[in-house]
Amino acid sequence: MTRGRGLRVLMAAWSLAGAAHAAGVVALSPQKGIVSISDLEAVVSAGEQPPPDSAAWRPVRLPDRWAENGRARAGTVWYRLRVHIDPAQREPWAFEVAYATMNSDLWVNGMLVGRAGRMEPDNLTRHWNTPLLFMVPQAAWTATDNLVYLRVRCGTSSDGGLGHLFAGPAAELSKAHEQRVFWRVSLLTVVDAYVFALGVLFAIIWLRRREALQYGYFAAASLLWALCTSNDLLTDPPFSPRAWQMLIFLCNIWTSLLFALFFLRFAGRSSPRLELGAIGLVLVANALQFLVGPTRQQIAFAVVILGVLSLCGWATVLLLSDAQGRSRRDRLLLGSAAVIGMLVGAHDWLLTIFVLPFDSPHLVAYAAPVTLSISAWVIAGDYTRTQEDLTLLNRRLADRVRQREMELRESFAHLVEADRDFAVATERALVLRDLHDDVGTHLASAMRQLEEERAEPLAVAQTLRETLDRLKLLIDALSMPPGDVNALLASLRYRLQRRIEAAGLDLRWEVDLLPHWEAGEHGDAMRRLQRLLLEAISNTLRHSHATELHLAASATDGGIRVALTNNGPGLDGIPAAGLRTMHEHAVGLGALLEVSSTHPGGRIRLLLPRAG
């Protein structure tokens, strides 16, 4: 044994002798297995080494909450106990701190054997929810009776204390420690990831359907719940201890409020005024929390969270009482999820006000998958039903549109048939009118000429010839392509050229290839144009006393221009009735008509404008 080792053994023996009357003895043996240690001694000390026997050691029983036993709320407490080990036993031993706020280290016979992270007061590692396992090396045991010290240090804004302490064979205690780490750390890590993913999913759903605000409430509550759960896992928060603790308080409050608003929305009992009022009250309560000192923040949090939990309870009662109709099952499920959340919230609230044991586990994080999964199932069902209703509505609308389309098609067919009948009747009426006004007039003139005693056979023959020409032109108009001015002019030339030449006039014909006249597709435009030109030619033949007739037609920027020019003494001899008839037809066509005398000669010009 070295000199330093011997000195430590002597000092440990002296310390054991002085403390034998104070600390109880814990015997460790393979036959006993894991031992739960409840009785220790404690002293408040900020020293970096175990306090001497002269310190104010007092017996304590675990779990030990410092606020209840008058010890420092923020600082360091040393615990000690005597451990008896048979020197013949060489099996490795270990100690497990199941719950301590915030961090701990273990000393055996004055030797530091284990430390979990940093122990500096201003840079403390947060291991309050993580079970700590300290393996004791064989060299640390110096005698049959050993003195074991446990130092616990808490942050400046946390409720310090020590929960259960276990000792036993290292192999056996390691297995129990792994189970506790699974339940307190590994499982919560999975739960936190699940809750966060669920929140992100429903946030995306809400962004696609902004009008469904209940989805937004659920998404925000899930994300805040994930942040609250991270408080059980993070050993190094990104903020100062006080700021982080305040953030966690606020997240718990707003998570509960958002779930209450979500339940109220789903129950159909919410209103914008109620929601704004609840949010306003919580904001005022948050502001008051910032004003109180660090020692009263936890009490202020307990008061505020109690009010929010009461709102959750009212929403739960509404959900369960209004569960009827098609949404009865969903409301019962959602009410059950709300009841679970209320129960675990009440449990953790009792922990906050020091009613439950200090080292009782916080259950809100464990209830998250159950509560959120039920709520998500209900929301998914509601969303699915909405989509099914929308699909059914679209199907019904499609059927109605199809039915209306069939009805409209039938109505359109009837209208087409009616239009066809109307067109036939209109065409018949126009033909009858032309027969009456044009052919009938000339036949009546021929009858009058025959009835007169001085009627000349040539004059009667001329009248009958004009009547026949008009009748043939009328027949041509029935089969003429709509809008084809070239065809109309060709028909006039074919029917009237012999008559013009018989009247002693030379015919000059200059007609270009003309564009399609769109206005000629509608109504009786082609027939009006034919009658206008026929009236102009007839008046020229009867009253111009000319020897030459020039007809020209060409396309211009403004439309189609048709001009009739003769070399007679003028157009003064044209009767007013003839001029009036030509102007009436021009107005009906929307065309520009110009009649002028050139002395000698006369000119009739017609402009058929372009469409649009």
Side-chain angles (χ1 to χ4, degrees), residues 1-2 4-5 8-9 11-13 15-16 23-42 48-50 62-63 76-120 124-153 162-186 233 235-236 359:
M1 181 182 300
T2 63
R5 175 74 180 275
R8 286 199 302 271
V9 170
M11 291 178 62
S15 298
L16 287 172
V25 178
V26 176
L28 300 181
S29 65
Q31 293 76 20
K32 288 186 177 181
I34 299 175
V35 178
S36 177
I37 302 171
S38 300
D39 296 312
L40 302 93
E41 287 185 317
E48 297 298 325
Q49 297 291 327
L62 300 183
T76 306
V77 174
W78 287 83
Y79 297 87
R80 72 178 182 181
L81 72 154
R82 286 170 44 190
V83 178
H84 174 81
I85 297 180
D86 187 347
Q89 297 176 2
R90 299 298 181 182
E91 184 174 358
W93 299 92
F95 287 85
E96 183 189 23
V97 178
Y99 189 90
T101 53
M102 285 286 177
N103 202 5
S104 306
D105 54 13
L106 188 74
W107 303 66
V108 176
N109 296 323
M111 177 189 299
L112 177 64
V113 298
R115 173 174 291 172
R118 301 178 303 275
M119 292 293 287
E120 296 83 358
L124 186 65
T125 303
R126 301 172 78 256
H127 279 134
W128 70 275
N129 193 53
T130 304
L132 304 178
L133 182 67
F134 299 105
M135 307 295 293
V136 181
Q138 192 66 29
W141 305 113
T142 59
T144 301
D145 290 326
N146 301 270
L147 197 59
V148 176
Y149 294 91
L150 181 68
R151 179 172 60 158
V152 178
R153 176 165 284 169
L162 175 64
H164 287 88
L165 180 65
F166 299 94
E172 188 175 352
L173 190 57
S174 294
K175 294 180 181 179
H177 174 72
E178 289 176 359
Q179 292 182 358
R180 270 186 277 270
V181 169
F182 169 78
W183 289 104
R184 301 282 283 273
V185 179
S186 302
L233 304 172
T235 57
D236 294 292
D359 57 348

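Sequential numbering from 1 along the given sequence is applied to the chain's residues.
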Audit row: V83, F95, side chain to side chain contact (heavy atoms under 4.5 Å, CB included) steps and yes/no: CA-CA 11 Å; V83 178; F95 287 85; 3.9 Å; yes
Check ion pair E48-R151 (N to O, under 4.0 angstrom): yes
Stepwise side chain to side chain contact (heavy atoms under 4.5 Å, CB included) test for N109 and W107: CA-CA 7 Å; N109 296 323; W107 303 66; over 6 Å; no
Electrostatic pair R118:D236 at N-O distance under 4.0 angstrom: yes
From W183 atom CH2 to Q179 atom CD, the distance as rounded to the nearest 0.5 Å: 9.5 Å
Closest non-hydrogen atom pair between W128 and R184, with its separation: O-NH2, 4.3 Å
Nearest heavy-atom neighbours spanning V35 and A27: CG2-O, 4.3 Å
Within-4.5 Å side-chain heavy-atom neighbours: D105 and L112: yes
Atom of A176, atom of I34 and distance for their closest heavy-atom approach: CB-CD1, 4.0 Å
Reported OH-to-CD distance for the pair Y79 and E41, which is rounded to 0.5 angstrom: 12.5 Å
Non-hydrogen side-chain atoms of S104 and L150 separated by less than 4.5 Å: yes
Shortest non-hydrogen separation from A94 to L173 and the atoms involved: O-CD2, 3.2 Å
Beyond-backbone contact of W93 with M135, side-chain heavy atoms, under 4.5 angstrom: no
Side chain to side chain contact (heavy atoms under 4.5 Å, CB included) assessment of F166 paired with I37: CA-CA 6 Å; F166 299 94; I37 302 171; over 6 Å; no
Rounded distance [0.5 Å steps], CD in E178 versus OG in S186: 9.5 Å
Result of checking L124, N103, T125 against T235 for side-chain contact (heavy atoms from CB on, under 4.5 Å): T125
Separation between NE2 of H127 and CZ of R153, rounded to the nearest 0.5 Å: 15.0 Å
Rounded distance (nearest 0.5 Å) linking atom CG of L165 with atom CG of L81: 7.0 Å
Trace of the side chain to side chain contact (heavy atoms under 4.5 Å, CB included) decision for W141 with V136: CA-CA 8 Å; W141 305 113; V136 181; 3.5 Å; yes
Minimum heavy-atom distance R180-A98, with the two atoms named: CD-CB, 4.4 Å
Interatomic spacing from OG in S29 to CD1 in I85 - rounded to 0.5 Å: 10.0 Å
Heavy-atom side-chain proximity of Y99 to P131 below 4.5 angstrom: no
Exercise: identify the closest heavy-atom pair between P63 and G163: CB-CA, 4.1 Å
